[in-house]
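Written below as structure tokens is the structure these notes are about.
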Amino acid sequence: MKVLKAEHAGACYGVQRALDLAYRAARAGKPTCTLGPLIHNPQVVADLKAAGVDAVERVADIPGGTMVVRSHGVVPEVIEEARERGLEIVDATCPHVARAQKAAARLAAEGRFVVVVGEAGHPEVEGICAHARAAGGDVAAVVDAADLPAAATCAGARVGVVVQTTQSREVFERVVSALRERGVDLEVKDTVCTATRQRQDAAAALAGRADAFVVIGGRNSSNTTRLHEICSALCERSYHVESADELDPAWFAGCDTVGVTAGASTPESQIATVVARLEAM
């Protein structure tokens, strides 16, 4: 069975930067915590804990020392609360996420209703929306044109659009197209990150010629879930796993070629382990 890895797969610059910053903070010897998981990869979060980096849910749960802002970013109020508590802040927000936050804030400051194309409740989306509100704007997060609020589609509306950095281009384009059809005064900021585009395009190119496909990454990872959706549409036998231990040889019965990709929160070591297990089948 031939195992082919997608040209672009695995940990992106923003994730690697966040990991490097967190490990460096832990080595400084102070108590170090992330607010929520640094990235959406359970195995990596466990490794961080072993290195002295704990994930907590609230700023109030941090005993002192250093707070690492996770790659998805946080709402502005969190930074203020951490400063008030005297915590050292290490900002590991992905630069692409920070760009989306700034774009949303600028659109809001210009008096536009801000539409964030992304999943409501996702930490990155919450942060982007909060930056728009902090700039005095109204904002809504949607993943379907049918969910657009009336304030963003009425005649004469001034609307600005940003997109969750890991959102699929198809969803983004459908929402933008619906807004254009309504004839609103529209400004669009394409904030899908380059790494996401590369991984989605490479996965699609490989999935179309594989007998089976494996997508590696946390099940709580939006970009990994989207990769699996893309691959499933092109290759019926597509599987999402977090580790090599989940692989079932029965999945690949009769397969000549298996494709592999991984989400942007998946380190190369995890990919190599899955590839090795597949090659041994």
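- Between Glu81 and Arg85 no salt bridge is recorded (no basic side-chain N to carboxylate O distance below 4.0 Å).
- Inspection of the Gln270 and Asn41 side chains reveals an N or O donor paired with an N or O acceptor under 3.5 Å.
- Panel note: side chain Arg237, backbone Trp251; a donor-acceptor pair is recorded below 3.5 Å.
- By the rule that hydrophobic residues join a cluster once side-chain heavy atoms approach within less than 4.5 Å of another member, Val115 and Val163 end up as members of one cluster.
- A distance-only check finds a donor-acceptor pair linking the side chain of Ser71 to the backbone of Leu38 [under 3.5 Å].
- Taking the six-membered ring for Trp and thresholds of 30 and 60 degrees, His72 and His40 have ring planes inclined between 30 and 60 degrees apart.
- To the nearest 0.5 Å, the span separating CD1 on Ile89 from CE on Met67 amounts to 5.0 Å.
- Salt-bridge annotation for Asp61 and Arg58: present, with a side-chain N of the basic residue lying under 4.0 Å from a carboxylate O of the acidic one.
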Candidate pair Val258 and Phe213, rule side-chain contact (heavy atoms from CB on, under 4.5 Å), full reasoning: CA-CA 5 Å; Val258 176; Phe213 211 93; over 6 Å; no
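- A salt bridge links Lys5 and Glu268; the closest N-O separation between the charged side-chain nitrogens and carboxylate oxygens is under 4.0 Å.
- Taken to the nearest 0.5 Å, the CD1 atom of Ile230 stands 11.0 Å off from the OG1 atom of Thr225.
- Between Arg219 and Glu246 there is a salt bridge, since a side-chain N of the basic residue sits under 4.0 Å from a carboxylate O of the acidic one.
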Under the side-chain contact (heavy atoms from CB on, under 4.5 Å) criterion, do Ser243 and Val274 qualify, and how do the steps go? CA-CA 7 Å; Ser243 72; Val274 169; over 6 Å; no
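- Annotation: side chain of Val162 is in contact with side chain of Leu107 (closest heavy-atom distance under 4.5 Å).
- Here the SG atom belonging to Cys231 is positioned 13.0 Å from the CZ atom belonging to Arg226, to the nearest 0.5 angstrom.
- Without hydrogens or angle criteria, Arg17 side chain to Thr93 main chain gives a donor-acceptor distance under 3.5 Å.
- Side-chain contact, Ser222 with His122: a donor N or O sits under 3.5 Å from an acceptor N or O.
- For Glu173, the CD atom counts as densely surrounded, since its 6.0 Å shell holds more than 12 non-hydrogen atoms of other residues, nucleotides or ligands.
- Side-chain atoms of Ser168 and Glu229 form no donor-acceptor pair, as typed in the model, at a separation below 3.5 Å.
- In the hydrophobic clustering of ILVMFWY residues, with side-chain heavy atoms under 4.5 Å counting as a link, Val15 and Leu48 come out together.
- The residues Asp138 and Arg133 are annotated as not salt-bridged, no charged nitrogen and carboxylate oxygen being separated by less than 4.0 angstrom.
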Evaluate the criterion side-chain contact (heavy atoms from CB on, under 4.5 Å) for residue pair Glu119 and Gln164; output intermediate values, then yes/no. CA-CA 8 Å; Glu119 294 102 351; Gln164 181 181 0; 2.6 Å; yes
Would Val241 and Val215 count as a side-chain contact (heavy atoms from CB on, under 4.5 Å) if you check the C-alpha gap in whole Å, the side-chain angles of each, and the deciding distance to 0.1 Å? CA-CA 6 Å; Val241 302; Val215 182; over 6 Å; no
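- Interatomic distance, CG of Leu278 versus CE of Met1, reported as 5.0 Å (0.5 Å rounding).
- A heavy-atom distance below 4.5 Å is found between the side chains of Val117 and Val161.
- Using a 4.0 Å cut-off between charged nitrogen and carboxylate oxygen, Asp190 and Arg197 count as a salt-bridge pair.
- Using modelled atom types, one side-chain atom of Asp211 and one backbone atom of Thr257 make a donor-acceptor pair closer than 3.5 Å.
- By the 4.0 Å N-to-carboxylate-O rule, Lys189 lies close enough to Glu187 to be salt-bridged with it.
- In this model, no donor atom of one side chain and acceptor atom of the other lie less than 3.5 Å apart for Gln43 and Glu242.
- Leu87 places none of its side-chain heavy atoms less than 4.5 Å from the side chain of Thr66.
- The only option from Leu21, Val69, Thr32 that meets the side-chain contact (heavy atoms from CB on, under 4.5 Å) definition with Val90 turns out to be Leu21.
- Between Arg112 and Leu186, every side-chain heavy-atom pair lies at or beyond the 4.5 Å cut-off.
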